[in-house]
Amino acid sequence: QVQLVESGGGLVQPGGSLELSCVASGSIFSINAMGWYRQAQGKERELVARTTSGHETTYADSVKGRFTISRDRGANTVYLQMNSLKPEDTAVYYCDVVGYLTTLRPFDQWGQGTQVTVSS
């Protein structure tokens with residue numbers, strides 16, 4: 001019903017930058033929120049950044065000032081610009097989109113995940 005396609009992960013040196021993108025498609029009537037979460041090996045999944053239809057934005061304390069979330073509403077796409085990357089940012093990053101289908105049923109869809117590795 002809703003498909004998410006993530007891209008942009010990879011290997012980067014400490015201090016480097018990456019941009020993740022996530023495109024939502026399918027039977028979407030409206031999107032209430034789009035966000036990025038990450039899960040490092042052996043750890044629980046955690047919120048990285050999230051933006052709502054009301055333009056409210058939330059960041060994890062560990063990424064404030066380094067990461068920026070943005071959204072292209074017309075393209076149902078969310079981006080995560082990651083600067084000054086640190087080894088502790090290494091994780092699988094997941095896109096999450098919450099909204100309503102054209103049937104007016106709610107949905108909460110997760111992407112397949114994209115690996116980000118920060119290492120020299």
*Asks:* Please confirm whether the backbone N or O of T117 pairs with a side-chain atom of S119, one donor and one acceptor, at under 3.5 Å?
*Replies:*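 Pair absent, no side-chain N/O of S119 close to backbone of T117.
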*Asks:* Give every residue pair that meets the disulfide (SG to SG under 2.5 Å) criterion with at least one member in residues 1-40, sequence neighbours excluded.
*Replies:* C22-C95
*Asks:* Who are the salt bridge (charged side-chain N to carboxylate O under 4.0 Å, His left out) partners of E46, not counting sequence neighbours?
*Replies:* R38
*Asks:* Between T114 and S7, is there a donor-acceptor pair closer than 3.5 Å when you use the side chain of the first and the backbone of the second?
*Replies:* no
*Asks:* Which residues satisfy the side chain to side chain donor-acceptor pair (under 3.5 Å) test with R105, sequence neighbours excluded?
*Replies:* none
*Asks:* Just checking F67 against W36, ring centres under 6.0 Å apart?
*Replies:*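 No.
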*Asks:* Tell me, which pairs form a disulfide (SG to SG under 2.5 Å) where one or both residues lie in residues 41-70, sequence neighbours left out?
*Replies:* none
*Asks:* Restricting to ring-ring contact (aromatic ring centres under 6.0 Å, His included), what partner residues turn up for F107, sequence neighbours left out?
*Replies:* none
*Asks:* With a 6.0 Å cut-off (strictly less than), is the heavy-atom count around CD of E44, excluding the residue itself, greater than 12?
*Replies:*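 Not more than 12 within 6.0 Å, no.
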*Asks:* Would you mind checking if D89 and K86 are paired as a salt bridge, meaning a charged N to carboxylate O distance below 4.0 Å?
*Replies:*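 No, no charged N to carboxylate O under 4.0 Å.
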*Asks:* Provide the closest heavy-atom pair for R50 versus A33 in the form atom of the first, atom of the second, distance.
*Replies:* NH2-CB, 3.3 Å
*Asks:* By salt bridge (charged side-chain N to carboxylate O under 4.0 Å, His left out), which residues pair with K43, not counting sequence neighbours?
*Replies:* none
